[in-house]
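Reviewing the structure listed below.
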Amino acid sequence: MKKTALITGASSGIGKEFAKIHAKTGGNLVIVARSKDKLLALKEALEKEYKIHVSVIEKDLTEKDAAKEVFNFVKYSKIEIDYLINNAGFGGIGKFYERKLEEDLNMIQLNVVALTALTRLFLPTFVEKNSGKILNVSSTASLMAGPMQAVYFATKAYVTSFSNAIAEELSETNVTVTTLMPGATETDFGKTSGMDKTSLFKSTADANTVAKDGYNAMLNGDLDVISGVSLSQKLMLKAIPITPKKILLKQVKKMQDPNP
């Protein structure tokens, strides 16, 4: 039976790759993003190549009631969602006290509130039918505090903690929650956040590879998956628990400073 996946942030980057990967399995899609033109182009390409059905929802998930509106569209269209992939998110570089408050509040709204709301809205149906998979895209940033991206790192820490907690709550059901924690990845994120000018983004992972790792982990019902990190980054991540916090903070700040 065909599975239907709802993917947020599907117009580019990792989200677009998720859509391609799922379409290749023969599954139908509900794709959500702000850019209607990009969504329609993706819909046309995937429907033509894979003979599937793709529903498009043009929505800015930083808006207060956007998650409920997405849910209502799916409900009234009588579309049964099997996989919920909360991929939409953005970051922004700079000292917290110098950044625009509105931008950081929008970041929290998208990265935290919309993800939480969509999960809460779709989860009861998953539990009722005792079937369904959720993939929440977090980041390796969730494993530490992030000077120069204080709010972004904090939002991703929330995503990982939240996802792990509800995964355990669902452990006696057939519903699974997987957390994808990518490292620096070749997407529009680097440019929009300003991270492309930092040492952290000198070497980036392929978006398709990261999406495959996340999608396969979701199918397996894995709790966490880390993807797109170099050997030196893997060593740094493993050293986090034993590294003095002040030293770690200085290291992270240096990596994220566009003008070190």
Side-chain angles (χ1 to χ4, degrees), residues 3-10 13-15 17-19 21-22 25 27 67 81-89 91 110-146 152-185 189 205-231 233-243 248:
K3 300 292 185 182
T4 299
L6 187 152
I7 305 171
T8 65
I14 298 172
E17 295 305 319
F18 280 137
I21 291 166
H22 184 70
T25 71
I81 301 299
D82 301 289
Y83 304 152
L84 172 62
I85 302 179
N86 285 307
N87 166 76
L110 179 59
N111 296 8
V112 173
V113 178
L115 177 145
T116 304
L118 286 169
T119 301
R120 175 59 181 82
L121 289 165
F122 283 99
L123 195 50
T125 303
F126 285 11
V127 173
E128 183 180 353
K129 65 182 182 180
N130 198 28
S131 174
K133 296 182 180 296
I134 297 173
L135 178 62
N136 287 333
V137 179
S138 180
S139 168
T140 52
S142 69
L143 303 175
M144 66 202 88
Y152 176 74
F153 275 54
T155 63
K156 292 305 184 179
Y158 171 89
V159 172
T160 297
S161 177
F162 167 72
S163 302
N164 288 173
I166 61 173
E168 177 56 30
E169 292 175 359
L170 295 164
S171 61
E172 295 182 2
T173 75
N174 290 323
V175 181
T176 59
V177 181
T178 299
T179 306
L180 171 61
M181 293 182 278
T185 306
F189 174 88
D206 174 65
N208 180 261
T209 299
V210 171
K212 280 181 180 177
D213 287 345
Y215 188 86
N216 289 335
M218 177 189 72
L219 294 185
N220 292 334
D222 296 339
L223 187 64
D224 295 325
V225 57
I226 293 176
S227 179
V229 294
S230 65
L231 178 59
Q233 289 168 338
K234 286 180 181 178
L235 293 173
M236 179 182 174
L237 293 175
K238 287 185 177 181
I240 287 174
I242 59 173
T243 303
L248 181 62

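Position 1 is the first residue of the sequence, and the numbers go up from there. Keep in mind the model is a prediction, meaning the values are calculated, not measured.
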**Message:** Quick one, Ile7 with Tyr83, criterion side-chain contact (heavy atoms from CB on, under 4.5 Å). Give me CA distance, side-chain angles, the key distance, then yes/no.
**Reply:** CA-CA 8 Å; Ile7 305 171; Tyr83 304 152; over 6 Å; no

**Pro182 versus Val210, closest heavy-atom pair with distance** = CB-CG1, 3.8 Å

**Message:** Can you confirm whether Val225 sits close enough to Asn220 that some side-chain heavy atom of one is under 4.5 Å from a side-chain heavy atom of the other?
**Reply:** no

**Asked** Quick check: does any side chain N or O of His22 sit under 3.5 Å from a backbone N or O of Lys3, one acting as donor and the other as acceptor?
**Response** yes

**Fill in**
Output for pair (Met218 CE, Asn216 CG), nearest 0.5 Å, gives 8.5 Å

**Prompt:** If you take all heavy atoms of Ala88 and Gly9, which pair is closest and at what distance?
**Reply:** CB-N, 3.7 Å

**Request:** Report the distance from atom CG of Asn136 to atom OG1 of Thr119, rounding to the nearest 0.5 Å.
**Result:** 4.5 Å

**Item:** Thr179-Ser138 side chain donor-acceptor pair, cut-off 3.5 Å
**Value:** no

**Over all atoms of both residues, closest heavy-atom pair of Thr160 and Ser142** = OG1-OG, 2.9 Å

**Fill in**
Nearest heavy-atom approach of Ala141 to Tyr152 is CB-CE2, 4.1 Å

**Request:** Would you mind reporting whether Met181 and Lys156 have side-chain heavy atoms less than 4.5 Å apart?
**Result:** no

**Asked** How long is the span from the CG atom in Leu180 to the CG atom in Asn87, to the nearest 0.5 Å?
**Response** 8.5 Å

**Request:** Mind listing the closest non-hydrogen atom pair of Asn111 and Val159 along with its distance?
**Result:** O-CG2, 3.5 Å

**Asked** So which heavy atom on Ala67 is nearest to which on Ala114, and how close?
**Response** CB-O, 4.1 Å

**Reported OG1-to-NZ distance for the pair Thr173 and Lys129, which is rounded to 0.5 angstrom** = 12.0 Å

**Message:** So does Thr4 get a backbone contact from the side chain of Asp82, meaning a donor-acceptor N/O pair under 3.5 Å?
**Reply:** yes

**Request:** For the pair Phe122 and Phe126, name the ring-plane relationship: parallel under 30°, tilted 30 to 60°, perpendicular over 60°.
**Result:** tilted

**Prompt:** After noting the C-alpha distance and the side-chain angles of Thr178 and Lys133, does the key distance pass the side-chain contact (heavy atoms from CB on, under 4.5 Å) rule?
**Reply:** CA-CA 8 Å; Thr178 299; Lys133 296 182 180 296; over 6 Å; no

**Request:** To the nearest 0.5 angstrom, please state how far the CG atom of Leu223 sits from the CG atom of Asn164.
**Result:** 4.5 Å

**Asked** Do Met144 and Leu237 have side chains that get closer than 4.5 Å, going by heavy atoms?
**Response** yes

**Request:** Quick one: pull up CG in Leu135 and CG in Asp222 and give me the separation to the nearest 0.5 Å.
**Result:** 10.5 Å

